[in-house]
S.K.: 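Pasting in a structure now, in structure tokens, and then I'll have a few things to ask.
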Amino acid sequence: MNLDVKSVFISDRVGPGCEALFKEHGVEVTTKYGLPKDELIAELKKHDAVVVRSETKITADIIEAVPNLKMVGRAGTGTDNIDLTAATNNGVVVLNTPGGNSISACELTCGMIYALSRNIVPAGQSMKEGRWDRKLYSGFELYGKTLGVVGFGRIGREVAQRMLACGMKVVAYDPFLTRDEAKRLGVEFGHIDDIWKLSDMITFHTPLMPETKNLLNKDTLARCKKGVYVVNVARGGIVDEQALLDSLKAGHCGGAALDVFSEEPITSAHLLELVKHSRVVATPHLGASTAEAQERVAVEIAEQMLVLGGHTNRYPL
Ligand code: NAD
Ligand code: MLT
């Protein structure tokens, strides 16, 4: 396939390697961030392709307003900010870089697990406020505890490997995981009900789709062990945030660590209350925000677009 891409618009902050690689192959690049929809459309009309991260929403009306657009490159994993149906119907190729930021998302997840177990965030905050609260912030060992991993793809597997190494038992649920594969990887093969029943801590690593929306909800939370900890570095909406807040307030959920939200940036009262809860650790969608991951996905997306755009065959697709 040769889509003849001569000019690219970069609409979100991506690593500098992206622009550099396009320019090295003679592709014109324009970079402007945070444009309102009408200005974004006006820019896209002048370009063959666009590179986005997650801030720019490539909606159906944008795709339909820009018949010249040939390609959307997503410097990251999830493509939920791009209307894939509209892209397919209008012959627009959508590319992403699955895997380019998996290690970073995994490492943040592991950090969240440690932060929850040892109260690192509130204890650190208390020191800054001049307090010395040794009793209040006593934690628990991860060693011997059970981690439920929901979604055993790239990131779920990386998390499991690291948490096994620190002595946790891991029970994994994924519709595509086989018993043999689970055994080979040293994890317990579970059904989703086993996750709720057995886990001291549950971490989610699925895409957001109808089957995973509100997977952790009022009913499934009630089936979890009292004191269960919840980690979501995947997508907002997999965990029902109102149900999580209610469970934290009722003392059933022991704590939660959240990097992603159903609304980003958050403005709703219940989300603000959730992130301010004393037993919640929250970060503003930082899973992929490392220098290494950003450079990797920036270069990978440019490579793919250059190959499909007919500029080189040097990079593997
Ligand atoms: P992946 O495709 O490698 O793995 C996802 C797994 O979920 C697959 O194995 C799939 O079989 C499984 N799955 C699908 N439906 C399921 C269901 N109903 N129940 C349980 N499992 C189900 O994806 P990945 O690269 O590991 O990414 C996982 C998630 O993390 C995605 O939502 C991605 O967008 C997100 N992510 C977030 C950040 C961040 O910055 N916070 C960074 C990278 C990725
Ligand atoms: C992804 O899906 O790649 C992550 O959410 C991170 C990002 O948006 O950059």
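The shown structure was predicted, so the numbers you read here are calculated from the model rather than taken from an experiment. As the structure lists them, so they are numbered: ligands from 1, and atoms in each ligand from 1.
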S.K.: Report the member of P175, G237, G156 with the shortest heavy-atom distance to atom 16 (C) of ligand 1.
M.R.: P175
S.K.: Give the residue, atom name and distance (to 0.1 Å) of the protein heavy atom nearest atom 9 (O) of ligand 1.
M.R.: D174 OD2, 2.6 Å
S.K.: Does any N or O of ligand 2 fall below 3.5 Å from an N or O anywhere on R74, backbone included?
M.R.: yes
S.K.: Considering the heavy atoms of G287, write down every atom of ligand 1 situated less than 4.0 Å from one of them.
M.R.: 39 (C), 40 (O), 41 (N)
S.K.: Do the rings of F204 and W196 sit parallel, tilted or perpendicular, given the 30° and 60° boundaries?
M.R.: tilted
S.K.: Need the ligand 2 atom indices (1-based, order shown) with element for anything under 4.0 Å from a heavy-atom of A288.
M.R.: 6 (C), 9 (O)
S.K.: Select one of side chain, backbone, both or neither to describe which atoms of I155 lie under 4.0 Å from any atom of ligand 1, heavy atoms only.
M.R.: both
S.K.: For ligand 2, which atoms, with element, lie under 4.0 Å from some heavy atom of G76?
M.R.: 3 (O)
S.K.: Could you list which atoms of ligand 1 come closer than 4.0 Å to a heavy atom of F176?
M.R.: 11 (O)
S.K.: Please write down residue, atom name and distance for the protein heavy atom closest to atom 35 (C) of ligand 1.
M.R.: A234 O, 3.5 Å
S.K.: Please determine whether a side-chain nitrogen of the Lys or Arg among E188 and K169 lies less than 4.0 Å from a carboxylate oxygen of the Asp or Glu.
M.R.: no
S.K.: Heavy-atom distances under 4.0 Å decide this one: backbone, side chain, both or neither, for V260 against ligand 1?
M.R.: side chain
S.K.: Could you list the atoms of ligand 1 found under 4.0 angstrom from a heavy atom of H285?
M.R.: 39 (C), 40 (O), 41 (N)
S.K.: Which residue holds the protein heavy atom closest to atom 29 (C) of ligand 1, what is that atom called, and what is the gap in Å?
M.R.: T206 O, 3.6 Å
S.K.: What atoms of ligand 1 come within less than 4.0 Å of a heavy atom belonging to Y173?
M.R.: 19 (N), 20 (C)
S.K.: Which ligand 1 atoms does G151 reach within 4.0 Å, using its non-hydrogen atoms?
M.R.: 7 (O), 20 (C), 21 (N)
S.K.: Does a side-chain N-to-carboxylate-O contact under 4.0 Å join R296 and E292?
M.R.: no
S.K.: Report the nearest protein non-hydrogen atom to atom 5 (C) of ligand 1: residue, atom name, distance rounded to 0.1 Å.
M.R.: H205 O, 3.4 Å
S.K.: Quick test: of every protein heavy atom, which one is nearest to atom 43 (C) of ligand 1, and how far off is it to 0.1 Å?
M.R.: N101 OD1, 3.2 Å
S.K.: So, does P207 sit close enough to ligand 1 that a heavy atom of it is under 4.0 Å from the ligand?
M.R.: yes
S.K.: Give the atoms of ligand 2, by number and element, whose distance to some non-hydrogen atom of R53 is under 4.0 Å.
M.R.: 7 (C), 9 (O)
S.K.: Looking only at protein heavy atoms, which one is nearest to atom 18 (N) of ligand 1, and how far off is it?
M.R.: T212 CG2, 3.5 Å
S.K.: To the nearest 0.5 Å, what is the distance between CD (Q242) and CD (E273)?
M.R.: 7.5 Å
S.K.: Closest non-hydrogen protein atom to atom 5 (O) of ligand 2, residue and atom name please, with distance?
M.R.: H285 NE2, 2.6 Å
S.K.: Quick one: do the D61 and T59 side chains pair a donor with an acceptor below 3.5 Å?
M.R.: yes
S.K.: I113 vs M201, test: side chain to side chain contact (heavy atoms under 4.5 Å, CB included). Steps then yes/no.
M.R.: CA-CA 8 Å; I113 292 172; M201 223 180 236; 3.5 Å; yes
S.K.: Test your reading of the model: is there a side-chain donor-acceptor pair from S102 to the backbone of I155, 3.5 Å cut-off?
M.R.: no
S.K.: Answer yes when D240 and K213 have at least one side-chain N-carboxylate O distance shorter than 4.0 Å, and no when they do not.
M.R.: no
S.K.: Hey, which atoms in ligand 1 end up nearer than 4.0 Å to a heavy atom of F152?
M.R.: 9 (O)
S.K.: With a 4.0 Å cut-off on heavy atoms, does M209 reach ligand 1?
M.R.: yes
S.K.: Got an N/O contact under 3.5 Å between A288 and ligand 1?
M.R.: yes
S.K.: Output the list of atoms in ligand 1 that are nearer than 4.0 Å to some heavy atom of D259, sorted by atom number.
M.R.: 39 (C), 40 (O), 41 (N)
S.K.: So if I count the atoms of ligand 2 from 1 in the order they appear, which ones are less than 4.0 Å from some heavy atom of G78?
M.R.: 1 (C), 2 (O), 3 (O)
S.K.: In ligand 2, which numbered atoms sit nearer than 4.0 Å to a non-hydrogen atom of S54?
M.R.: 8 (O)
S.K.: How far does CD of E181 sit from CZ of F189, to the nearest 0.5 angstrom?
M.R.: 11.0 Å
S.K.: Against heavy atoms of T77, which atoms of ligand 2 measure under 4.0 Å?
M.R.: 1 (C), 2 (O), 3 (O)
S.K.: Which residue and atom name correspond to the protein heavy atom nearest atom 33 (C) of ligand 1, and how close is it?
M.R.: T77 CG2, 4.1 Å
S.K.: Atom CG in L21, atom CD in E300: separation rounded to 0.5 Å?
M.R.: 11.5 Å
S.K.: Give the atoms of ligand 1, by number and element, whose distance to some non-hydrogen atom of A105 is under 4.0 Å.
M.R.: 42 (C), 43 (C)
S.K.: According to the interplanar angle, ranging from 0 to 90°, do the rings of F9 and H47 count as parallel (below 30°), tilted (30 to 60°) or perpendicular (above 60°)?
M.R.: tilted
S.K.: Can you tell me which portion of V233 lies within the under-4.0 Å heavy-atom range of ligand 1? Options are side chain, backbone, both, or neither.
M.R.: both
S.K.: Who's the nearest protein heavy-atom neighbour of atom 25 (O) of ligand 1, and how far?
M.R.: R154 NE, 3.1 Å
S.K.: Do the side chains of R131 and E129 get close enough for a salt bridge, i.e. N-O under 4.0 angstrom?
M.R.: yes
